[in-house]
> 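Quick one: this structure, given as structure tokens, is what I'll be asking you about.
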Amino acid sequence: GAVVSQHPSRVICKSGTSVKIECRSLDFQATTMFWYRQFPKQSLMLMATSNEGSKATYEQGVEKDKFLINHASLTLSTLTVTSAHPEDSSFYICSASGLADHTQYFGPGTRLTVL
Amino acid sequence: DQQVKQNSPSLSVQEGRISILNCDYTNSMFDYFLWYKKYPAEGPTFLISISSIKDKNEDGRFTVFLNKSAKHLSLHIVPSQPGDSAVYFCAARRGGADGLTFGKGTHLIIQP
């Protein structure tokens with residue numbers, strides 16, 4: 001099956017620092033990658049959609065200058081949380097699609113804790 | 001505004017019986033629906049999907065039913081096994097390249 005990896009799986013940082021999360025499709029080329037966020041006991045919420053080589057499309061309410069997304073190749077997308085604050089602490093999950101039916105396959109997620 | 005609703009936060013089913021998880025949606029533009037299984041601190045695992053042009057899709061123990069007129073879909077798992085215990089998310093999308101809109105999930109507990 002389609003495999004998506006994320007790195008790191010867990011990160012703790014100080015308030016004001018920036019954190020980069022990588023998302024890779026390991027066995028297929030992902031034309032589109034998505035970034036989601038899940039707060040405790042809540043559902044996954046779509047943050048942004050990125051297509052290889054073009055600018056990401058952000059959902060309403062998501063600050064594009066705070067959550068920088070780069071999709072430089074068909075197997076790699078990165079999410080950088082800039083000047084992180086405690087309220088940014090969450091579970092960040094990426095997904096990738098590129099197969100014929102556009103099914104999204106999810107990475108294992110990254111737990112971000114901002115102190 | 002919750003466009004995808006899973007009204008049962010939890011469901012307990014005896015091992016070997018059928019588990020039925022329900023999902024309702026409000027956006028008539030959704031054309032593809034998916035079910036994911038998720039464990040804590042892990043990403044969702046794809047289970048099964050259905051296009052809006054169909055009313056049923058089956059894959060092994062999993063069957064998804066879609067009732068477009070009622071804007072309702074359900075996931076049937078039979079027979080239920082202990083390893084099925086997890087949170088199940090219903091998701092929908094409007095087009096092939098769109099992101100997914102998720103429900104809040106139903107925690108399925110399979111009792112021995």
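Order of the sequence lines fixes the chain letters, A, B, ..., with proteins taken first and strands second; residue numbering starts at 1 for each chain.
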> Restricting to non-hydrogen atoms, name the atom on L46(A) and the atom on G99(B) that form the minimum distance, rounded to 0.1 Å.
CD2-CA, 3.6 Å
> Quick check on L100(B) against chain A: is it the side chain, the backbone, both or neither that has a heavy atom closer than 4.5 Å?
both
> Report yes if the distance between the aromatic ring centroids of F33(B) and Y25(B) is under 6.0 Å, otherwise no.
yes
> Identify which part of Y39(B) has an atom lying under 4.5 Å from any heavy atom of chain A, answering side chain, backbone, both or neither.
neither
> Using side-chain hydrogen bond (donor to acceptor under 3.5 Å, both in side chains), reason through Q104(A) and Y36(A) one step at a time and then give a plain yes or no.
CA-CA 12 Å; Q104(A) 290 183 31; Y36(A) 295 81; 2.8 Å; yes
> Could you look at Q6(A) and say if it's the side chain, the backbone, both or neither that has a heavy atom under 4.5 Å from chain B?
neither
> Please classify the contact between L44(A) and chain B as side chain, backbone, both or neither, with a heavy-atom cut-off of under 4.5 Å.
both
> Of all residues at least two apart in sequence or in a different chain, which pass the salt bridge (Lys or Arg N to Asp or Glu O under 4.0 Å) check with R61(B)?
D84(B)
> Against chain A, work out which of K38(B), Q2(B), Q6(B) has the most heavy-atom pairs shorter than 4.5 Å and name it.
K38(B)
> Would you kindly say whether S52(B) and Y32(B) are connected by a side-chain donor-acceptor distance under 3.5 Å?
no
